[in-house]
*Asks:* 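Take a look at this one; I'll ask things after.
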Amino acid sequence: QVQLVESGGGSVQPGGSLRLSCAASGSIFSISRMGWYRQAPGKQREWVAAIGSNGLTNYADSVKGRFTVSRDNAERTVYLQMNSLKPEDPAVYYCNNYDSGDWGQGTQVTVSS
């Protein structure tokens with residue numbers, strides 16, 4: 001079983017930045033496709049970004065150009081750099097291992113002035 005632990009959430013003003021981390025256990029991390037999702041209150045969980053084992057990335061249109069997903073296989077960690085945060089970005093952010101199907105517990109992001 002793969003365990004995922006997110007961190008880095010917090011509260012920032014509009015236009016601010018946060019960097020989320022997702023630390024993974026398990027030997028399959030380096031070959032796993034990893035994703036970030038978010039869920040705002042009263043809304044369905046939505047996909048944000050993904051990164052393949054080869055580093056290839058994809059982004060939802062709503063975050064393209066503002067968010068960057070990256071990974072460090074040696075550290076078994078995937079990151080989500082979030083810049084130019086908007087009032088519509090607040091949510092609980094989750095990481096997901098596509099291959100194992102595991103989810104982290106989530107980390108809260110708040111954007112307010």
Side-chain angles (χ1 to χ4, degrees):
Q1 184 179 1
V2 175
Q3 185 176 14
L4 304 174
V5 179
E6 300 98 333
S7 62
S11 180
V12 296
Q13 293 184 339
S17 298
L18 283 173
R19 188 192 195 201
L20 306 183
S21 299
C22 173
S25 64
S27 60
I28 68 170
F29 176 79
S30 64
I31 60 172
S32 295
R33 180 173 170 83
M34 301 292 295
W36 285 98
Y37 290 73
R38 66 186 181 186
Q39 187 167 19
K43 295 187 177 181
Q44 289 189 333
R45 189 171 296 189
E46 65 172 349
W47 173 73
V48 174
I51 184 166
S53 58
N54 58 3
L56 188 65
T57 58
N58 299 94
Y59 300 92
D61 287 343
S62 59
V63 306
K64 199 172 293 182
R66 301 188 297 122
F67 291 11
T68 303
V69 60
S70 61
R71 66 191 297 160
D72 184 332
N73 287 338
E75 295 294 327
R76 294 181 177 174
T77 301
V78 62
Y79 303 97
L80 186 67
Q81 177 67 44
M82 306 186 296
N83 298 328
S84 303
L85 283 160
K86 299 179 179 181
E88 55 264 37
D89 292 320
V92 178
Y93 283 71
Y94 300 89
C95 69
N96 169 252
N97 182 309
Y98 286 124
D99 296 292
S100 70
D102 291 289
W103 293 86
Q105 84 289 348
T107 185
Q108 179 73 52
V109 171
T110 303
V111 180
S112 65
S113 54

*Asks:* Looking at every heavy atom in both Arg33 and Ala50, which two are closest together, and how far apart are they?
*Replies:*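 Reported closest heavy-atom pair: NH2-CB, 3.4 Å.
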
*Asks:* How long is the span from the CZ atom in Arg38 to the CD atom in Gln44, to the nearest 0.5 Å?
*Replies:* 14.0 Å

*Asks:* Evaluate side chain to side chain contact (heavy atoms under 4.5 Å, CB included) for Val69 paired with Val78, printing each intermediate quantity in order.
*Replies:* CA-CA 7 Å; Val69 60; Val78 62; 3.9 Å; yes

*Asks:* Quick one, Val109 with Leu20, criterion side chain to side chain contact (heavy atoms under 4.5 Å, CB included). Give me CA distance, side-chain angles, the key distance, then yes/no.
*Replies:* CA-CA 9 Å; Val109 171; Leu20 306 183; 4.1 Å; yes

*Asks:* For Lys43 and Gln39, which heavy atoms make the closest approach, and how far apart are they?
*Replies:*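 For Lys43 and Gln39, the tightest heavy-atom pair comes out as O-NE2, 3.1 Å.
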
*Asks:* What is the distance from atom CD of Gln13 to atom OG1 of Thr110, rounded to the nearest 0.5 Å?
*Replies:* 13.0 Å

*Asks:* Under a 3.5 Å cutoff, is there a donor and acceptor pairing between the side chains of Asn83 and Gln81?
*Replies:*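 Per modelled atom types, Asn83 and Gln81 side chains form a pair under 3.5 Å.
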
*Asks:* Kindly say whether Arg76 contributes a backbone atom to a donor-acceptor pair with the side chain of Asn73 at under 3.5 angstrom?
*Replies:*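 Judged by distance alone, no pair lies under 3.5 Å.
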
*Asks:* Counting N and O atoms only, with roles assigned by atom type, does the side chain of Arg71 sit under 3.5 Å from a partner on the main chain of Gly52, one being a donor and the other an acceptor?
*Replies:*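 Confirmed, Arg71 side chain pairs with Gly52 backbone.
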
*Asks:* Got a sec, which pairs hit ring-ring contact (aromatic ring centres under 6.0 Å, His included) with one end in residues 74-113, sequence neighbours left out?
*Replies:* Tyr37-Trp103

*Asks:* Tell me whether Gln3 at atom CD has more than 12 heavy atoms from other residues, nucleotides or ligands lying less than 6.0 Å away.
*Replies:*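 It does not: Gln3 CD has 12 such atoms or fewer within range.
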
*Asks:* Work out which heavy atom in Ala24 is nearest to a heavy atom in Leu4; give both atom names and the distance.
*Replies:* CB-CD2, 3.5 Å

*Asks:* Going through the distances and angles, do Thr107 and Val92 end up as a side chain to side chain contact (heavy atoms under 4.5 Å, CB included)?
*Replies:* CA-CA 5 Å; Thr107 185; Val92 178; 6.0 Å; no

*Asks:* Give the minimum heavy-atom separation between Cys22 and Met34, together with the two atoms involved.
*Replies:* SG-CE, 4.4 Å

*Asks:* Would Asn96 and Trp36 satisfy side chain to side chain contact (heavy atoms under 4.5 Å, CB included), going step by step from the backbone distance to the final call?
*Replies:* CA-CA 6 Å; Asn96 169 252; Trp36 285 98; over 6 Å; no

*Asks:* Between the side chains of Asn97 and Ser32, does any donor sit under 3.5 Å from an acceptor?
*Replies:* yes

*Asks:* Keeping the roles fixed (side chain from Ser62, backbone from Ala60), state whether a donor-acceptor pair exists under 3.5 Å.
*Replies:* no

*Asks:* What pair of heavy atoms forms the shortest contact from Pro14 to Ser113, and how long is it?
*Replies:*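 Heavy atoms of Pro14 and Ser113 come nearest at CD-N, 3.9 Å.
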
*Asks:* Nearest 0.5 angstrom please: Leu80 CG to Glu6 CD, how far?
*Replies:* 11.0 Å

*Asks:* Verify the neighbour count for atom CD of Glu88: are there more than 12 heavy atoms of other residues, nucleotides or ligands below 6.0 Å?
*Replies:* yes

*Asks:* Hey, are Asp89 and Lys86 close enough for a salt bridge, meaning a charged N less than 4.0 Å from a carboxylate O?
*Replies:*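 Here Asp89 does not pair with Lys86 in a salt bridge, since their nearest N and O are not under 4.0 Å apart.
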
*Asks:* Quick check: do Met82 and Arg19 have side-chain heavy atoms less than 4.5 Å from each other?
*Replies:*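 SC-SC contact between Met82 and Arg19 ruled out.
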
*Asks:* If every non-hydrogen atom of Trp47 is compared with every non-hydrogen atom of Ala49, which pair is closest and at what distance?
*Replies:* NE1-O, 3.2 Å

